[in-house]
Amino acid sequence: MKKLILSIITSIILTTVATALPGFTAFIPDSSGEYVYYRDSSFTRESYIGILGYDDSTIQIRYFAPQDDAAKLPAKEIAILITVDSKSDFWNMTGEKIISTILPDTDDTDIINYLHDILYEFSARRISAGTVESDNFSINQDYAQFGGKVSLIFDARIPLFNIKSIEDNKGSKVFDCVTIGTIKSSDDKSFEAFNGVSAQKPEVQKETKKVAKAQVCKFENRSVTLDENWEQKMENFWTLGNESLITMSALPKVSDNKVLNDLYVQRKLLESTEGSYTDFQNTELTYTQAKDSYKIVSTSFFPESKINVYITKILTRNSDGGFDYFSISTYQTAYLKAPSYFDKIVKSYR
C-alpha cells in the first residue's frame with residue numbers, strides 16, 4: 001500500500017514526454033504511456049477496448065473479452081500497434097502490426113476492422129467536438145455502430161480522445177470508460193494485463209467498533225484526528241497496522257489556468273498505478289466551493305492479490321495556488337467492517 005501512495009504522489013510531481021494525436025489540441029497534454037479502457041456493450045459478451053498512446057505517431061488498441069463459462073467461450077484478445085501521420089489534420093494511418101494471435105475461421109478479422117473503425121470514428125468525432133475544457137461536455141450525433149442517435153460525453157481528464165462515454169437514445173451507456181492510467185516503463189504490463197474491473201459495490205458488513213484514545217496529528221498547517229492505534233512512520237505518514245495508511249503533503253500548482261490545473265491534478269489522481277486499476281465508473285468527486293476543496297472517493301483493484309483498496313483523497317487550495325493533499329487508503333475488507341470509524345477520520349481533516 002505504501003508503494004501505491006508514493007506512486008500517486010510522484011505522478012503529480014514528475015513530468016513525462018507530452019504527446020498529441022493528429023487534428024486537435026488537447027486541453028490537458030497527453031503523456032507518453034497514458035491509456036484508457038472502455039466497456040463496450042455493442043458486443044453480446046463482456047468486452048473491453050483499450051487505447052494506449054506511445055508518442056505522437058504510435059498507439060496501441062486492444063480488444064479483450066474475459067472467459068465466459070456460461071456461454072462456453074474462451075478469453076479473447078486482439079491487439080494492434082498502429083502508426084499515424086502526426087503532421088496530418090485528420091486520422092491518416094501509415095502502418096499497423098498485429099501483436100496478438102489471430103485465429104482462422106473466427107470473428108477475429110471482423111474485430112480488427114472494428115478496431116480500425118473505432119480509431120477513425122473517435123478521431124473524427126473528437127476533432128468535430130472542438131475545444132474540450134471540462135469534465136462533462138456532450139454532443140448529440142448519429143453513430144450507427146451504437147444504435148443511431150447517441151450522446152458522446154467528453155471529459156478532459158480522459159487521455160487521448162477525451163471520450164468518457166457514449167449513451168444511446170434511452171440514456172444507457174453503450175460505451176463507457178472503466179479505468180485510465182499510465183504505464184511507467186517497458187516493464188510495466190498494466191495495459192496488456194488488463195482483464196476487466198468489477199462495477200459492483202460490496203455491501204457494508206456488520207460494523208466493528210474501534211475505541212481508543214484520540215490524538216491530533218499535524219503536518220504543516222493541516223491536521224487529522226486519529227487515535228493511539230495509529231503509528232507515525234514519517235513526518236507526513238501514518239499507518240493502522242496493515243489495514244490503512246494516511247499521508248498528507250502539498251502538491252504544486254502546475255498551471256496558471258485554474259481549470260487546467262485542477263483537471264490535470266484530478267486526472268493524475270484518478271489514473272491507475274502499476275499493478276492496479278482505479279474503478280473510474282464508481283469514482284465519486286465532489287467540490288466544496290466554500291473551502292475551494294475537492295473530495296475524490298475511489299476503489300483500486302489489485303488483480304495479482306485480488307484485493308480492493310478504498311481510497312479517499314482531499315485537495316484543498318493553498319496560498320501558493322497548489323493543493324494541500326490528504327489521502328487515506330484502506331483495504332476494502334477492513335473499511336467495510338468499520339466504515340463510520342474511517343469516515344470520521346476523513347471528516348476530522350482540517
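Worth saying up front: this structure is predicted, and the values here are computed from it rather than measured.
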Short N-O contact, [X] and [Y], less than 4.0 angstrom:
| X | Y | answer |
| --- | --- | --- |
| Arg222 | Asp324 | yes |
| Lys149 | Asp142 | yes |
| Lys184 | Asp187 | no |
| Asp56 | Lys87 | no |
| Glu231 | Lys233 | yes |
| Glu192 | Arg62 | no |
| Glu34 | Arg267 | yes |
| Asp107 | Lys76 | yes |

(request) For residues Val216 and Thr225, report the shortest heavy-atom separation together with the two atoms involved. (result) CG2-OG1, 4.0 Å
Using only atom types and a distance under 3.5 Å, with no angle test, would you say the side chain of [X] pairs donor to acceptor with the backbone of [Y]?
| X | Y | result |
| --- | --- | --- |
| Asp188 | Ser190 | yes |
| Asn92 | Ser88 | no |
| Ser293 | Gln289 | no |

Looking just at side-chain N and O atoms, do [X] and [Y] make a donor-acceptor pair shorter than 3.5 Å?
| X | Y | result |
| --- | --- | --- |
| Ser249 | Asn236 | no |
| Asn282 | Glu284 | no |
| Tyr63 | Ser47 | yes |
| Thr179 | Ser272 | yes |

(request) Kindly indicate whether a cation-pi arrangement holds for Arg126 with Phe24, taking the cut-offs as under 6.0 Å to the six-membered ring centre and within 45° of the axis. (result)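 Arg126 over Phe24 ring: yes.
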(request) Please step through side-chain contact (heavy atoms from CB on, under 4.5 Å) for the pair Tyr35 and Thr182, ending with a clear verdict. (result) CA-CA 6 Å; Tyr35 67 84; Thr182 303; 5.7 Å; no
(message) Would Thr83 and Ser57 count as a side-chain hydrogen bond (donor to acceptor under 3.5 Å, both in side chains) here? Give the steps.
(response) CA-CA 5 Å; Thr83 57; Ser57 60; over 6 Å; no
(message) Tyr37 and ring-ring contact (aromatic ring centres under 6.0 Å, His included): which single residue from Tyr48, Phe194, Phe175 fits?
(response)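 The residue from Tyr48, Phe194, Phe175 that satisfies ring-ring contact (aromatic ring centres under 6.0 Å, His included) with Tyr37 turns out to be Phe194.
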